[in-house]
Amino acid sequence: MNDIYLKSSDIIKLERLKTEGFNKGGTLYILDEKTLLKVFYNKMYYNQIREKSTDFLLSLEPIENTSYPQKKLYVDGIYNGYSMPYFKNTNTFKSEIYTMDSTLEQKKKIITDISNALQELHKREIIHGDIHLDNFIKDDNNGYLVDLDDVRIKGDNFNNIKLYNIKISEFSRMIYTDSKSIDNIKAVINFISLIYNFDFEVIARKSFLESIIDILSEAEIDKVVLDYLKYTLLSIKNEIVYFDKAINLFNDPERIQNEKEELEKIFSSTNNKKGLQLIKELGLDKPLKIKNIKNIVATNEAIGVWAQLETEEDFNFTKNEKIMIKKIKELNKNYSLTNELLYENGLYISRIVAQINNIDLDAISKKYMNLPIKVTKDINIESMEICEALNILPSLKIKEVYKNLEKEILNYHLENDKEKIINYIKKNFK
């Protein structure tokens with residue numbers, strides 16, 4: 001693996017990558033489509049230790065979802081950084097806390113990526129040592145652990161630059177020693193900051209870990225979640241439980257159910273058109289992750305509004321609600337007033353879709369009432385009579401025949417008369 005040698009004059013010609021948040025270590029430059037250069041601000045600042053750490057990382061296989069060094073960088077003949085993967089269109093956890101762009105499911109995937117990367121680092125006897133909200137980054141679907149040039153390695157007795165420290169309680173001493181546990185505790189602080197869109201790191205920096213637990217206790221989060229956080233944050237010598245093992249504790253079903261109940265009141269109101277307008281005007285569509293509020297048509301039935309929502313939120317619909325929503329969505333894609341579609345979906349679903357498409361509801365109702373059959377039982381022949389006509393035993397063939405009869409009768413190709421149906425069956429199914 002060849003090192004990279006550049007002059008200072010070469011560096012300043014490269015495009016600088018604008019980064020957000022706290023970054024005292026160096027500047028990032030775009031070398032090519034897939035590669036970034038990290039150039040340290042100070043060539044002499046802990047230079048030998050950093051180079052030793054980089055050499056150690058380069059001797060191992062790269063870790064997925066990390067800014068693992070690819071090559072050493074020498075500027076004007078002096079070691080001054082390294083190349084690493086270029087993760088495009090990312091932002092830091094600190095930025096994400098305030099923009100709130102990700103759904104809970106996306107956050108869980110992002111967190112799992114980083115938690116797995118941290119575990120792999122620890123398996124190799126490497127301590128990150130510089131975990132904070134700006135060193136966890138994410139794109140829409142992936143999380144990345146970055147800034148590995150200050151890692152603590154076994155060969156240095158896990159010593160390196162001392163960065164921010166934490167204390168457990170108001171009366172405990174500051175914890176200065178870096179360890180896998182401290183890495184994990186700081187990571188968990190980052191993860192819950194992302195989940196709850198609140199900067200718990202500033203609490204840990206300026207106060208102590210018990211303060212975080214106090215805040216979450218006041219917020220009345222689930223006891224199981226709170227117990228996990230107490231175990232992880234408040235006892236340094238506990239066995240490490242990495243966050244991905246507890247990720248499914250953070251589902252917050254109560255919040256989702258409450259949101260659903262409130263929206264149900266709006267959608268089922270006789271003035272739901274005004275309610276939808278208020279959601280849009282007040283900007284409530286963003287926290288609810290509703291993407292298409294401008295295009296939703298108010299309907300007489302709440303389920304008609306639910307079926308139009310484009311949202312990444314899971315509102316815990318019942319099985320029956322899911323079936324109706326699916327039917328409305330499918331019928332609404334290519335809606336037409338055919339007898340078969342009215343028969344298949346029923347009057348209730350058909351009227352909802354008609355309303356979404358601004359089609360006269362009385363016309364729909366009249367057409368439905370004039371259907372020659374409305375359910376399979378309306379077909380004027382019994383299953384045993386089909387067996388007799390075809391001289392067969394009961395089998396799946398019966399279902400096939402009924403399906404064909406429905407289509408023929410609904411399209412007025414066959415009269416719903418027993419004698420005519422028997423003749424049709426004998427002619428077409430023997």
Side-chain angles (χ1 to χ4, degrees), residues 96-107 140 195-197 251-371 374-375 410:
E96 176 67 20
I97 286 170
Y98 299 106
T99 58
M100 296 187 288
D101 287 335
S102 301
T103 65
L104 180 61
E105 290 307 309
Q106 284 175 315
K107 288 176 181 179
D140 287 343
I195 285 176
Y196 295 113
N197 294 106
N251 284 325
D252 203 3
E254 186 177 341
R255 175 187 63 80
I256 292 170
Q257 189 59 35
N258 288 340
E259 285 178 357
K260 185 188 175 191
E261 289 171 3
E262 292 304 312
L263 287 172
E264 186 77 23
K265 291 175 187 175
I266 295 171
F267 296 164
S268 58
S269 165
T270 53
N271 201 17
N272 58 2
K273 189 173 183 179
K274 179 64 176 174
L276 288 167
Q277 187 179 339
L278 281 173
I279 290 174
K280 179 173 67 177
E281 289 175 358
L282 297 173
L284 298 176
D285 51 321
K286 188 169 183 180
L288 293 170
K289 305 293 190 294
I290 299 172
K291 299 179 180 178
N292 62 329
I293 191 70
K294 294 179 182 178
N295 302 321
I296 294 173
V297 178
T299 61
N300 295 339
E301 303 293 338
I303 198 72
V305 180
W306 283 116
Q308 295 175 73
L309 292 185
E310 289 179 15
T311 177
E312 295 167 352
E313 194 70 275
D314 180 3
F315 286 104
N316 295 333
F317 292 110
T318 65
K319 184 178 180 181
N320 189 46
E321 286 171 336
K322 287 177 181 177
I323 291 170
M324 287 194 290
I325 287 170
K326 185 179 179 182
K327 281 188 173 185
I328 292 168
K329 284 179 179 290
E330 288 177 351
L331 187 57
N332 196 42
K333 284 178 184 176
N334 297 297
Y335 185 71
S336 60
L337 284 170
T338 68
N339 284 1
E340 285 182 67
L341 287 174
L342 280 169
Y343 173 85
E344 182 181 335
N345 292 284
L347 182 58
Y348 180 73
I349 298 294
S350 298
R351 281 176 61 90
I352 290 171
V353 176
Q355 196 169 14
I356 294 170
N357 289 275
N358 198 29
I359 296 172
D360 183 60
L361 297 183
D362 289 339
I364 291 283
S365 298
K366 185 176 180 181
K367 186 160 187 175
Y368 180 81
M369 296 310 295
N370 288 331
L371 290 177
K374 296 181 180 66
V375 291
L410 286 167

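Residue indices begin at 1 and follow the sequence shown.
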Minimum heavy-atom distance between Lys327 and Glu344, given as atom pair plus value: NZ-O, 4.0 Å
Atom pair OG (Ser102) and CD1 (Ile97), whose distance is rounded to the nearest 0.5 Å: 11.5 Å
Closest non-hydrogen atom pair, Glu301 against Tyr348: OE1-OH, 3.3 Å
Any donor-acceptor pair under 3.5 Å from Gln106 side chain to Asp140 backbone: yes
Distance, nearest 0.5 Å, that separates CZ of Phe317 from CE of Met324: 10.0 Å
Closest approach of Glu264 to Ala302 (non-hydrogen atoms, all atoms of both residues): OE2-CB, 3.4 Å
Between CG on residue Asn332 and CD1 on residue Ile352, distance to nearest 0.5 Å: 11.0 Å
Note, Asn345 side chain near Val353 side chain (heavy atom, < 4.5 Å): no
Distance-minimising heavy-atom pair for Leu361 and Ala354: CD2-CB, 3.9 Å
Among Ile325, Thr299, Ile296, side-chain contact (heavy atoms from CB on, under 4.5 Å) partner for Trp306: Ile325
Ser350 and Leu341, any side-chain heavy atoms less than 4.5 Å apart: no
Pair Leu342-Lys374, side chain to side chain contact (heavy atoms under 4.5 Å, CB included): steps then yes or no: CA-CA 9 Å; Leu342 280 169; Lys374 296 181 180 66; over 6 Å; no
CD1 on Ile349 to CG on Leu331, rounded to 0.5 Å: 8.5 Å
Inter-residue atom distance Tyr343.OH - Leu410.CG, 0.5 Å rounding: 6.5 Å
Where Ala298 and Asn272 come nearest, the two heavy atoms and their spacing: CB-OD1, 3.4 Å
Residue Asn370 excluded, over 12 heavy atoms near CG under 6.0 Å: yes
Gln308 side chain reached by Asn295 side chain, heavy atoms, under 4.5 Å: no
Contacts of type side-chain hydrogen bond (donor to acceptor under 3.5 Å, both in side chains), residue Asn300, not counting sequence neighbours: Gln355
NZ-CG distance between Lys367 and Leu347, expressed to the nearest 0.5 angstrom: 13.0 Å
Nearest heavy-atom neighbours spanning Ile364 and Arg351: CG2-CG, 4.0 Å
Sub-4.5 Å side-chain heavy-atom contact between Phe267 and Leu276: yes
Over 12 non-hydrogen atoms of neighbours within 6.0 angstrom of NZ in Lys273: no
